[in-house]
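As a basis for the values below, the full set of heavy atoms in this structure was taken, side chains included, without hydrogen atoms, waters or symmetry mates. Remember, it's a predicted structure, so these values are computed and weren't measured experimentally.
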Amino acid sequence: MVSMRETLRQINSGLEINGNSSVIGFVTSNDSFSQPTLVANLAMMYMQAGDKTLIIDTNFGSDALLKAFKVQSKFGLSDYLDKGNTQLDSIINKVSGDNLSFISPGTLDRTDTKYLIEDPRFNVLFDAIKEKYNRILINTTPFKEDYDETSVFSLCDGVILVNDLKHTRKKDVVQIIKTMGKLKVKILGYVNAKK
């Protein structure tokens with residue numbers, strides 16, 4: 001069995017081969033803990049290496065990363081995008097010292113967040129933060145046929161596809177690959193996780 005540390009080193013090695021990968025999106029077709037676990041551990045590795053790292057969690061239906069980092073977030077991404085009066089500084093949570101920060105999904109119910117990522121305020125937010133961090137990791141919602149958050153991937157240097165071996169359908173993986181091809185987004189690699 002391959003350890004998490006070894007997996008992270010292999011991923012990082014692959015990212016270095018692919019060149020500049022400072023903004024990485026993570027995508028899966030399953031609503032599982034494998035993806036946020038990978039995102040959190042990769043962020044911790046970058047933080048320990050001295051890279052100023054930010055996680056943006058666009059999976060509005062999950063609190064997995066909030067729990068992992070034990071963040072008591074009053075406001076998050078959905079609040080910033082939905083309400084014009086929420087300040088950027090109020091949604092960035094320091095997790096561990098100055099090198100790791102986290103933007104939580106926010107307080108809005110998932111049913112109220114369907115088109116938030118397509119809001120122009122997301123691009124404004126991204127432009128405001130991208131120069132402040134060496135690494136930005138974006139945890140996205142599970143990819144479905146009616147996926148409506150494709151614009152987030154256009155901001156990424158590439159994506160990592162995360163599969164749960166027992167629960168991922170081949171046609172879902174093919175759909176993700178086709179969509180990334182249409183968006184001209186590089187797939188940097190994939191991780192097959194066992195539940």
Side-chain angles (χ1 to χ4, degrees), residues 4 7-8 11 14-15 21 23-44 53-69 71 73 76-82 91 102-119 121-123 125-126 135-195:
M4 177 63 80
T7 299
L8 294 173
I11 290 168
L15 294 175
S21 299
V23 181
I24 306 165
F26 293 80
V27 62
T28 185
S29 63
N30 305 103
D31 202 0
S32 74
F33 286 103
S34 299
Q35 181 172 303
T37 300
L38 178 65
V39 171
N41 281 283
L42 196 58
M44 294 295 288
T53 304
L54 173 69
I55 298 172
I56 302 174
D57 194 351
T58 68
N59 188 356
F60 297 112
S62 172
D63 62 356
L65 285 169
L66 268 172
K67 288 180 179 176
F69 291 121
V71 171
S73 179
L77 184 59
S78 65
D79 304 291
Y80 177 83
L81 297 176
D82 188 57
I91 66 167
F102 171 62
I103 296 178
S104 75
T107 60
L108 292 186
D109 188 77
R110 186 174 189 148
T111 56
D112 297 328
T113 60
K114 188 166 175 71
Y115 299 104
L116 285 182
I117 295 300
E118 303 299 323
D119 191 288
R121 281 178 60 87
F122 187 81
N123 290 339
L125 174 145
F126 194 79
R135 304 278 185 169
I136 298 174
L137 308 180
I138 303 175
N139 183 57
T140 65
T141 60
F143 194 98
K144 305 293 182 198
E145 286 184 36
D146 61 343
Y147 200 72
D148 57 359
E149 294 181 16
T150 55
S151 67
V152 74
F153 296 116
S154 64
L155 302 172
C156 298
D157 297 317
V159 298
I160 294 176
L161 177 57
V162 182
N163 296 315
D164 279 330
L165 289 177
K166 292 182 180 177
H167 301 97
T168 301
R169 300 180 312 176
K170 288 181 186 174
K171 75 176 199 172
D172 293 335
V173 174
V174 169
Q175 185 60 45
I176 292 171
I177 292 169
K178 282 183 181 176
T179 301
M180 295 306 152
K182 285 180 192 171
L183 296 170
K184 295 182 173 49
V185 176
K186 185 189 290 188
I187 296 179
L188 300 171
Y190 67 93
V191 175
N192 285 326
K194 292 180 183 177
K195 261 190 161 179

> As an exercise, state the distance from SG of C156 to CZ of F126, rounded to the nearest 0.5 Å.
6.5 Å

> Applying side-chain contact (heavy atoms from CB on, under 4.5 Å) to F122 and L81, what does each step give before you reach the verdict?
CA-CA 7 Å; F122 187 81; L81 297 176; 3.9 Å; yes

> Within the structure provided, determine whether I91 and L125 are in side-chain contact (heavy-atom separation under 4.5 Å).
yes

> Using the test side chain to side chain contact (heavy atoms under 4.5 Å, CB included), find all partners of D63 that sit at least two apart in sequence or belong to another chain.
L66, K67

> Roughly how far apart are M180 CE and L161 CG, rounded to 0.5 Å?
8.0 Å

> How close do A43 and I55 get, heavy atom to heavy atom, and via which atoms?
CB-CD1, 3.5 Å

> Kindly say whether V162 contributes a backbone atom to a donor-acceptor pair with the side chain of T28 at under 3.5 angstrom?
yes

> So among V152, V39, L65, L77, which one has a side chain to side chain contact (heavy atoms under 4.5 Å, CB included) with I56?
L77

> For F102, check ring pair (Phe, Tyr, Trp, His ring centres under 6.0 Å) against everything at least two apart and list the hits.
F69

> So which atom in P105 and which in N59 form the shortest heavy-atom distance, rounded to 0.1 Å?
CG-O, 3.5 Å

> Donor-acceptor check, side chain of N163 to backbone of Y190, threshold 3.5 angstrom: yes or no?
no

> Once you round to the nearest 0.5 Å, how far does CG of L42 lie from OG1 of T53?
8.5 Å

> Would you please name every residue forming a side chain to side chain contact (heavy atoms under 4.5 Å, CB included) with N123, sequence neighbours left out?
L155

> Closest heavy-atom contact between T141 and F60?
CG2-N, 4.0 Å

> Under the salt bridge (Lys or Arg N to Asp or Glu O under 4.0 Å) rule, what pairs show up with a residue in residues 176-185, not counting sequence neighbours?
none

> Can you sort out the partners of A68 under side chain to side chain contact (heavy atoms under 4.5 Å, CB included), two or more places apart, ordered by chain and number?
none

> Could you tell me the separation between the CD1 atom of I177 and the CZ atom of F143, rounded to the nearest 0.5 Å?
10.5 Å

> Nearest 0.5 angstrom please: I138 CD1 to I136 CD1, how far?
7.0 Å

> Please name all residues satisfying side-chain hydrogen bond (donor to acceptor under 3.5 Å, both in side chains) with N139, sequence neighbours left out, ordered by chain then number.
Q35, D57

> Is it true that a side-chain atom of S78 and a backbone atom of L108 form a donor plus acceptor pair closer than 3.5 Å?
yes

> Show, in sequence, the C-alpha distance, side-chain angles and deciding distance for I103 and Y80, and conclude whether the side-chain contact (heavy atoms from CB on, under 4.5 Å) test is met.
CA-CA 10 Å; I103 296 178; Y80 177 83; over 6 Å; no

